[in-house]
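Structure record follows, encoded as structure tokens.
Atom set for the values below is all heavy atoms of this structure, side chains included, hydrogens, waters and symmetry mates excluded.
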Amino acid sequence: MEFDILTLFPQIFIGSLETSILGRAREKGILKVFLHQIRDFALDKHRTTDDLPYGGGPGMVMKPEPLFGAWKAAKDRNPALECRTILLSPQGRPMSQDLVQGWAGEMPGKGRLILVCWRYEGIDERFIEECVDEEISLGDFILTGVEIAALALIDSITRLVPGVLGNEQSSFTESFSEASSGLLEGPQYTRPPEFRGRGVPEVLLSGDHKKIASWRMDQALSRTKTRRPDLLRRKSLDNPRIS
């Protein structure tokens with residue numbers, strides 16, 4: 001699984017890519033990430049990557065030439081693999097578990113993503129028209145830079161690839177997963193059996209796996225209705241208990 005990242009701030013990625021699950025995935029060779037400094041492809045001695053917007057307005061706009069140079073270098077790095085270019089943008093399609101599951105299934109061994117990280121007020125539209133296949137949004141909010149969104153995308157896809165998580169069953173029953181019918185995951189408990197006067201639900205101590213499964217589904221449904229009723233409206237669920 002390969003990612004190419006176009007960014008002005010490659011140092012943002014270093015710590016996260018060397019730590020925990022992503023770090024272990026890189027050590028195993030499951031995950032490969034290539035950082036491309038956009039400034040290296042600027043055309044002037046000052047390595048300029050932004051300029052004033054035509055038509056006026058606040059802020060600066062990223063120039064198309066350095067972006068295209070970085071994109072072309074990323075594109076040519078491994079032409080044997082199918083490649084899609086993703087722009088992290090608040091104007092894009094909302095990121096979802098269904099989306100990352102699709103990419104996780106398609107990418108290993110045969111595909112890669114180029115992630116475009118921008119700064120300032122935006123990027124010249126001509127680069128988007130020429131090079132970008134899809135725009136993806138992390139949510140309805142604005143970040144100073146989208147490197148954080150790129151890391152979130154890499155993490156969410158990578159953890160679904162076999163061999164990445166210590167227990168591969170972990171991702172099957174999480175919130176939004178197919179096994180959980182797209183619901184939020186219910187509450188979890190561990191030792192001690194009592195904490196500050198709060199106990200563990202008796203059903204979880206019963207050893208009756210059928211009752212435990214039923215309780216967890218009820219909790220997931222209740223939590224989803226309370227916190228994310230939009231998920232129930234959005235998904236067509238076959239479970240007759242969901243309404």
Side-chain angles (χ1 to χ4, degrees), residues 1-7 12-13 16-17 20-22 25-26 30-36 71 74-75 78 81-118 122-123 127-129 131-143 145-165 167-185 220 223-224 227-239 242:
M1 170 177 299
E2 297 186 6
F3 294 88
D4 287 83
I5 302 173
L6 315 188
T7 177
I12 290 176
F13 294 90
S16 296
L17 293 174
S20 188
I21 290 172
L22 293 183
R26 292 181 72 201
I30 298 174
L31 170 65
K32 296 181 180 180
V33 180
F34 301 88
L35 300 172
H36 304 267
W71 175 83
K75 186 88 169 175
N78 188 353
L81 291 181
E82 296 178 15
C83 179
R84 287 183 61 78
T85 300
I86 306 299
L87 175 66
L88 286 309
S89 165
Q91 299 184 21
R93 176 159 63 121
M95 187 170 150
S96 68
Q97 191 67 12
D98 288 342
L99 184 66
V100 298
Q101 282 177 335
W103 277 333
E106 295 171 1
M107 286 180 63
K110 57 182 179 180
R112 62 189 177 105
L113 294 180
I114 297 176
L115 306 181
V116 182
C117 300
W118 54 277
I123 21 183
F127 170 79
I128 299 174
E129 295 171 350
C131 304
V132 172
D133 295 305
E134 186 170 6
E135 297 185 44
I136 296 295
S137 171
L138 202 63
D140 294 337
F141 54 89
I142 304 300
L143 297 166
V146 300
E147 284 82 5
I148 295 171
L151 277 169
L153 185 62
I154 292 170
D155 184 279
S156 63
I157 295 173
T158 302
R159 67 192 307 278
L160 296 177
V161 176
V164 172
L165 295 180
N167 184 344
E168 292 184 12
Q169 295 297 316
S170 298
S171 64
F172 294 157
T173 57
E174 294 173 323
S175 297
F176 314 116
S177 67
E178 185 177 347
S180 67
S181 300
L183 302 173
L184 299 181
E185 193 173 6
R223 182 161 289 194
T224 305
R227 302 183 183 185
R228 291 290 306 277
D230 59 296
L231 292 176
L232 298 179
R233 293 193 296 268
R234 190 186 312 158
K235 291 184 176 290
S236 34
L237 302 171
D238 296 329
N239 194 320
I242 299 175

Approximate separation, where rounding is to 0.5 Å, of Leu35 CG and Asp4 CG: 9.0 Å

Give a yes or no answer on whether the side chain of Arg159 reaches the backbone of Ile21 with a donor-acceptor pair at less than 3.5 Å. no

Whether Trp71 side chain and Leu6 backbone form a donor-acceptor pair below 3.5 Å: no

Given Leu115 and Leu153, is the side-chain contact (heavy atoms from CB on, under 4.5 Å) satisfied, shown in steps? CA-CA 9 Å; Leu115 306 181; Leu153 185 62; 3.6 Å; yes

As an exercise, state the distance from NZ of Lys32 to CG of Asn78, rounded to the nearest 0.5 Å. 8.0 Å

Shortest non-hydrogen contact from Thr85 to Cys131? CB-O, 3.3 Å

Between Glu134 and Arg93, does any side-chain N to carboxylate O distance fall below 4.0 Å? yes

Have a look at Asp230 and tell me which of Arg233, Arg228, Arg227 forms a salt bridge (charged side-chain N to carboxylate O under 4.0 Å, His left out) with it. Arg228

Could you check Thr158 against Leu22 for side-chain contact (heavy atoms from CB on, under 4.5 Å), going step by step and ending with a plain yes or no? CA-CA 7 Å; Thr158 302; Leu22 293 183; 3.9 Å; yes

Which pair of heavy atoms, one from Ala152 and one from Met95, lies closest together, and at what distance? O-CE, 3.9 Å

What is the minimum heavy-atom distance between Ser89 and Trp118, and which atoms define it? CA-NE1, 4.3 Å

Shortest non-hydrogen contact between Ile114 and Ala74, atoms and distance: CD1-CB, 3.9 Å

Rounded distance [0.5 Å steps], CG in Leu113 versus SG in Cys83: 7.5 Å

Taking Leu184's backbone N and O only, do any of them form a donor-acceptor pair with Thr224's side chain (distance below 3.5 Å, no angle check)? yes

Find the distance between CZ (Phe13) and CD1 (Ile5) and round it off to the nearest 0.5 Å. 4.0 Å

Using a 4.5 Å cut-off on heavy atoms from C-beta on, say whether the side chain of Arg223 contacts that of Leu183. no

Please step through side-chain contact (heavy atoms from CB on, under 4.5 Å) for the pair Thr7 and Ile12, ending with a clear verdict. CA-CA 9 Å; Thr7 177; Ile12 290 176; 5.9 Å; no

Approximate separation, where rounding is to 0.5 Å, of Asp98 CG and Trp103 CH2: 12.0 Å

Do the side chains of Leu138 and Leu88 get nearer than 4.5 Å, heavy atoms only? no

Salt bridge between Glu82 and Arg112, side-chain N to carboxylate O under 4.0 Å? no

Nearest 0.5 Å, what's the CG-CG distance between Asp133 and Leu87? 11.0 Å

With the side chain counted from C-beta on, respond yes when Gln101 and Ile157 share a heavy-atom pair under 4.5 Å apart, and no when they do not. no

Is there a side-chain contact (heavy atoms from CB on, under 4.5 Å) between Ile86 and Val132 once you walk through the steps? CA-CA 6 Å; Ile86 306 299; Val132 172; over 6 Å; no

